[in-house]
Amino acid sequence: MNLFSDIRVLVIDSLDGMVAEGALPAGLKFDNVTVEPPRDAAHGDMASNAAMVLAKPAGLKPRDIAENLAARLEADARVASVEVAGPGFLNLRLAQDVWRGVVTHVLAEGAEFGKSNTGAGHKVNVEFVSANPTGPLHVGHTRGAVFGDTLASLLSFTGHDVTREYYVNDAGAQVDVLARSAYERYREACGHAPEIAEGLYPGDYLVPVGQALKDKFGEALLDKGEADWLAEVREFATQEMMALIRDDLAAIGVTMDRFFSEKSLYGGDKIEAAIKALDDAGLIYEGVLEPPKGKLPDDWEPREQTLFRSSAHGDDVDRPVKKSDGSWTYFAPDIAYHYDKVTRGYDQLIDILGADHGGYVKRIKAVVSALSDGRVPLDIKLTQLVRLYKDGAPFKMSKRSGNFVTLRDVVDQVGADVTRFVMLTRKNDAPLDFDFDKVAEQSKDNPVFYVQYAHARVCSVLRRAEEASVPLSDSANLVDPAEFALARKLAEWPRLVEIAAREHEPHRIAFYLYDLAGEFHALWNKGNEFPALRFLQDDDPAASAAKIALPRAVAVVISAGLGILGVTPATEMR
RNA sequence: GCACCCGUAGCUCAGCUGGAUAGAGCGCUGCCCUCCGAAGGCAGAGGUCGCGCGUUCGAAUCGCGCCGGGUGCACCA
């Protein structure tokens with residue numbers, strides 16, 4: 001149930017009625033008619049722009065349309081009053097029983113409230129994290145992990161068939177570097193001093209891998225040349241790293257449905273098939289790229305290469321798929337991977353990348369557009385930097401020394417719930433400050449706490465209600481403006497979910513929950529001043545039951561919202 | 001030089017397929033516990049929505065051009 005779309009249906013029906021009676025010309029499109037919560041509560045519960053958007057095509061004055069429409073809307077039992085305001089807004093006030101009904105409805109629906117079937121029959125693939133299997137996940141990956149996982153949950157909530165997928169870059173030069181780094185740790189385990197050359201991965205996390213190699217191979221690899229051990233060590237170390245990464249993901253509650261190996265694209269004809277598909281579309285040719293203007297690399301030389309005409313699908317320039325020596329570029333397996341996704345029958349692809357990969361967006365979109373004939377939309381979401389603060393000062397990370405803050409560090413210090421919520425307190429494309437001290441704080445400055453506290457307060461009330469043998473009733477008794485405001489906020493939940501899912505913006509859930517908690521805390525405190533507004537009415541179980549329905553409904557929605565975010569709702573916070 | 005992202009209150013940021021007098025938190029000022037959890041709440045001050053054109057009944061939102069900040073820019077993955 002979405003109260004806003006319900007009322008919009010009422011508006012559209014009324015407009016149809018006007019058409020039937022000749023008050024409006026036939027053939028009007030009502031697509032642009034909206035029913036929304038007004039920014040200013042003084043404008044009522046809902047506002048519609050119907051009269052304004054229809055005035056021109058209908059050749060009528062907005063206010064004339066509005067007044068006719070208003071009279072029709074007022075005939076509906078749900079509508080208490082309608083006023084025509086400003087240039088032709090319709091400001092609706094709904095009957096008090098509608099808001100009481102919202103509470104009842106929320107309680108009846110429980111965790112189902114706000115779910116929708118807008119995504120029914122839609123297969124969506126969300127690819128995220130996809131970090132190189134060369135070490136543990138760090139904070140930047142954490143943001144992408146939380147964002148992707150939450151978006152996936154949100155899309156499930158709206159009925160989509162969602163696949164969470166991780167693309168494993170297990171075929172490039174970086175896994176050779178991993179293998180060499182692990183080999184040094186292996187030598188170390190065998191009693192030799194390791195030589196961690198410049199360019200190798202220095203992190204301690206490879207020490208146990210070295211030990212494991214020794215356990216497996218004994219000292220058999222020591223005398224061999226690199227050519228003889230590289231493949232085996234690479235395979236082993238990559239497996240170990242993926243195990244590490246899976247554990248990291250599990251630590252913040254992320255479970256992938258599928259890990260797609262880049263290596264699996266080689267050897268068969270996967271890449272060849274993908275390139276052929278492009279070729280069949282006339283998008284592959286041999287050519288020489290122009291040097292970039294204004295920034296000429298020192299070693300520029302014209303080279304004839306196999307190129308993908310990505311510029312035909314929105315990219316700025318064409319992109320090489322083969323190097324001048326005939327081997328594939330890194331881009332070629334990316335093409336094959338997205339081709340694979342397209343052929344797996346998804347209706348929508350979503351890639352979540354770090355902002356430093358912004359330069360690849362157009363070419364990948366070009367690939368999907370070309371290979372799906374424009375049928376499969378690809379949305380690429382970039383997640384901006386996470387800036388760490390500790391004791392009020394920026395926390396420096398140095399990749400070169402292997403001294404970076406890992407996902408594990410963060411989760412160990414502040415917990416998965418807090419980490420997840422905080423990662424969504426900014427829009428994905430805005431930089432995020434992550435302050436270890438602020439985030440651990442239990443005060444209203446900390447949005448996670450603020451929302452959790454609201455939920456815990458409801459649970460506290462319910463515990464007391466049980467002690468006082470207050471029966472639970474789904475019928476709410478709302479009288480005060482603060483109570484109606486809260487019910488109104490609850491009614492926005494399904495609409496908010498719909499928008500967040502459509503825009504692929506899970507942060508909206510976090511912001512909504514913060515607002516909802518704010519309305520709840522306001523009402524709670526009003527009970528200090530006006531005892532009649534307290535949820536528990538002394539020695540009056542029936543009155544208490546009617547008052548408790550509203551906070552119970554709040555808890556239902558907070559719980560559902562936090563569920564999408566992957567955060568546990570706290571029942572007490574002592 | 002080109003592309004993408006960002007520019008909203010002193011600070012950090014929201015802002016709904018374009019809607020009315022642009023919001024929140026922090027900070028600042030002043031208040032509220034014989035009272036369900038004050039780990040909370042209420043009120044006040046504070047803004048040329050970077051700038052300029054344009055589209056529109058209506059622009060923070062859409063288009064174009066500037067200015068400022070970030071990121072990325074040939075066979076490296």
Side-chain angles (χ1 to χ4, degrees), chain A residues 31-32 34 36-40 42-43 47 49 52-53 55-56 62 85-89 91 132 169 171-175 177 262 288-297 299-303 305-306 315-317 319-331 333-334 354-362 382 384-385 425-427 429-431 433 441-447 449-450 452-454 456-457 460-461 464-465 468 492 495-496 499-500 502-503 507-508 511 514-515 518 521-531 534-538 544 547 551 572-574:
Chain A
D31 299 353
N32 293 330
T34 59
E36 319 182 296
R39 199 180 318 211
D40 188 339
H43 294 143
N49 64 357
M52 289 178 292
V53 292
K56 196 168 191 180
F89 281 103
N91 290 336
N132 285 343
N169 290 104
Q174 74 282 350
V175 283
V177 175
E262 178 190 1
V288 180
L289 287 174
E290 295 287 313
K293 287 175 183 152
K295 189 209 168 205
L296 190 62
D299 58 344
W300 172 266
E301 56 184 57
R303 272 189 286 257
Q305 298 173 284
T306 305
D315 202 356
D316 306 308
V317 293
R319 307 289 176 179
V321 297
K322 274 187 180 176
K323 303 178 196 172
S324 46
D325 68 1
S327 61
W328 299 118
T329 63
Y330 70 90
F331 185 41
D334 274 352
D356 53 340
H357 291 78
Y360 304 111
V361 169
K362 284 188 178 183
L382 302 177
Q384 261 293 352
L385 293 178
T425 53
R426 287 286 176 275
K427 208 163 44 177
D429 52 12
D433 291 341
E441 203 173 288
Q442 302 228 322
S443 77
K444 62 179 175 174
D445 300 356
N446 181 351
F449 169 80
Y450 190 76
Q452 292 275 31
Y453 186 39
R457 272 183 156 173
S460 168
V461 169
R464 286 171 180 273
E492 285 178 28
R495 181 174 182 275
L496 185 282
I499 293 169
R502 186 188 67 219
E503 302 296 323
H507 74 278
R508 290 175 187 272
F511 281 92
Y514 185 81
D515 285 348
H521 290 309
L523 175 60
W524 178 286
N525 269 73
K526 224 169 166 183
N528 290 338
E529 197 177 347
F530 305 103
R534 292 178 198 168
F535 301 132
L536 294 176
Q537 300 293 312
D538 290 342
S544 297
K547 282 292 176 201
E572 60 178 346
M573 304 188 72
R574 291 179 191 285

(message) Taking any heavy-atom pair under 4.0 Å as a contact, classify Glu503(A): base, sugar-phosphate, or nothing.
(response) sugar-phosphate
(message) Checking base pairs now: Watson-Crick or wobble, both atom distances under 3.5 Å. What partners G65(B)?
(response) C51(B)
(request) Could you check how far CG of Asp315(A) sits from P of C2(B), rounded to whole Å? (result) 17 Å
(message) Let me spell it out: for each of Leu385(A) and Asn132(A), pick the nucleotide of RNA chain B with the closest heavy atom. Which residue's pick is nearer the 5' end?
(response) Leu385(A)
(message) Any strand counts, and the cut-off is 3.5 Å on both contacts for Watson-Crick or G-U wobble. Which nucleotide pairs with U56(B)?
(response) none
(request) Scan every strand shown for a Watson-Crick or G-U wobble partner of U21(B), both distances under 3.5 Å, and answer none if you come up empty. (result) none
(message) I need the CZ-P distance between Arg426(A) and C6(B), as an integer number of Å.
(response) 15 Å
(message) Classify Thr34(A) by what it touches in the nucleic acid, base, sugar-phosphate, or nothing, heavy-atom distance under 4.0 Å.
(response) base
(request) For nucleotides 38-49 of chain B, just jot down a letter per nucleotide in 5' to 3' order: B, S or -, based on protein non-hydrogen atoms under 4.0 Å. (result) SBBSS-------
(message) Is the shortest side-chain heavy-atom distance between Tyr360(A) and Asp334(A) below 4.5 Å?
(response) no
(request) Name the nucleic acid region contacted by Glu290(A), choosing base, sugar-phosphate or nothing; use a 4.0 angstrom heavy-atom cut-off, strictly under. (result) nothing
(request) With the side chain counted from C-beta on, respond yes when Lys427(A) and Arg508(A) share a heavy-atom pair under 4.5 Å apart, and no when they do not. (result) no
(message) I want to check something: taking the side chain as every heavy atom from C-beta on, are Met573(A) and Phe449(A) in contact at a cut-off of under 4.5 Å?
(response) yes
(message) Measure NZ/Lys322(A) against P/C76(B) and give the value in whole Å, please.
(response) 14 Å
(message) So Asp429(A), base contact, sugar-phosphate only, or nothing? Heavy-atom distance under 4.0 Å.
(response) sugar-phosphate
(message) Is the ring pair His507(A)/Phe511(A) parallel, tilted or perpendicular, if the boundaries are 30 and 60 degrees?
(response) perpendicular
(message) Nearest whole Å is fine: how far is C73(B) P from Asp316(A) CG?
(response) 14 Å
(request) For Ala173(A), answer base if it contacts any base atom (sugar-phosphate contacts may also be present), sugar-phosphate if it contacts only those atoms, and nothing otherwise; contact means non-hydrogen atoms under 4.0 Å. (result) sugar-phosphate
(request) Return no unless some side-chain N or O of Lys56(A) is found under 4.0 Å from OP1 or OP2 of C57(B). (result) yes
(message) Are A20(B) and Phe89(A) stacked, with the base six-membered ring and the side-chain ring centres under 5.5 Å apart and planes under 30°?
(response) yes
(message) What is the separation between atom CG on Leu382(A) and atom P on C6(B), rounded to the nearest whole Å?
(response) 10 Å
(request) Using a cut-off of 6.0 Å, state whether more than 12 heavy atoms not belonging to Glu529(A) lie near its atom CD. (result) no
(request) Look at the side-chain N and O atoms of Lys427(A) and state whether any lies under 4.0 Å from the OP1 or OP2 oxygen of G15(B). (result) yes
(request) Mind checking Asn91(A) for me? I need base, sugar-phosphate or nothing, with any heavy atom below 4.0 Å counting as a touch. (result) base
(message) Regarding Val53(A), tell me which of base, sugar-phosphate or nothing describes its non-hydrogen contacts under 4.0 Å with the strands shown.
(response) base
(request) Take atom CD of Glu572(A) and atom P of G37(B), then tell me their distance rounded to the nearest Å. (result) 12 Å
(message) On RNA chain B, compare the nucleotides closest to Lys362(A) and Ala85(A); which residue's is nearer the 5' end?
(response) Lys362(A)
(request) Both distances under 3.5 Å, Watson-Crick or G-U wobble: report the partner of U71(B), or none. (result) A3(B)
(request) Round to the nearest Å and state the distance from Asp538(A) atom CG to C36(B) atom P. (result) 10 Å
(message) Any base atoms under 4.0 Å from His357(A), or only sugar-phosphate, or nothing? Heavy atoms, all strands.
(response) nothing
(message) Applying the Watson-Crick and G-U wobble criteria at under 3.5 Å, what pairs with G46(B)? Answer none if nothing qualifies.
(response) none
(request) Scan Ala47(A) against the nucleic acid and name what it touches under 4.0 Å (heavy atoms): base, sugar-phosphate only, or nothing. (result) base
(request) Taking the side chain as every heavy atom from C-beta outward, state whether Phe535(A) and Arg464(A) have any pair of such atoms under 4.5 Å apart. (result) no
(request) Would you check if Glu290(A) and Val317(A) make a side-chain contact, meaning some heavy-atom pair closer than 4.5 Å? (result) no
(message) In the structure I gave you, are the side-chain heavy atoms of Glu572(A) and Ser460(A) within less than 4.5 Å of one another anywhere?
(response) no
(message) What's Glu301(A) touching, base or sugar-phosphate or nothing? Going by heavy atoms closer than 4.0 Å.
(response) base
(request) Have a look at Pro333(A) and say if it touches a base, only the backbone sugar-phosphate, or nothing, with a 4.0 Å heavy-atom cut-off. (result) nothing
(message) At 4.0 Å (heavy atoms only), tell me whether Leu289(A) reaches a base, stays on the sugar-phosphate, or touches nothing.
(response) sugar-phosphate
(message) Tell me the interatomic distance from Glu262(A), atom CD, to A77(B), atom C1', rounded to whole angstroms.
(response) 8 Å
(request) Would you mind classifying the nucleic acid contact of Ser324(A) as base, sugar-phosphate or nothing, using non-hydrogen atoms under 4.0 angstrom? (result) base
(message) Once you apply a heavy-atom cut-off of 4.0 Å, does Arg319(A) come out as touching a base, just sugar-phosphate, or nothing?
(response) nothing
(message) Counting distance alone, no hydrogens or angles: does the base of A14(B) have a donor or acceptor under 3.5 Å from a partner atom on the side chain of Arg508(A)?
(response) no
(message) Counting C-beta onward and ignoring hydrogens, is there a side-chain heavy-atom pair between Leu382(A) and Val361(A) closer than 4.5 Å?
(response) yes
(message) For a 4.5 angstrom cut-off between non-hydrogen side-chain atoms, does Lys362(A) reach Asp316(A)?
(response) yes
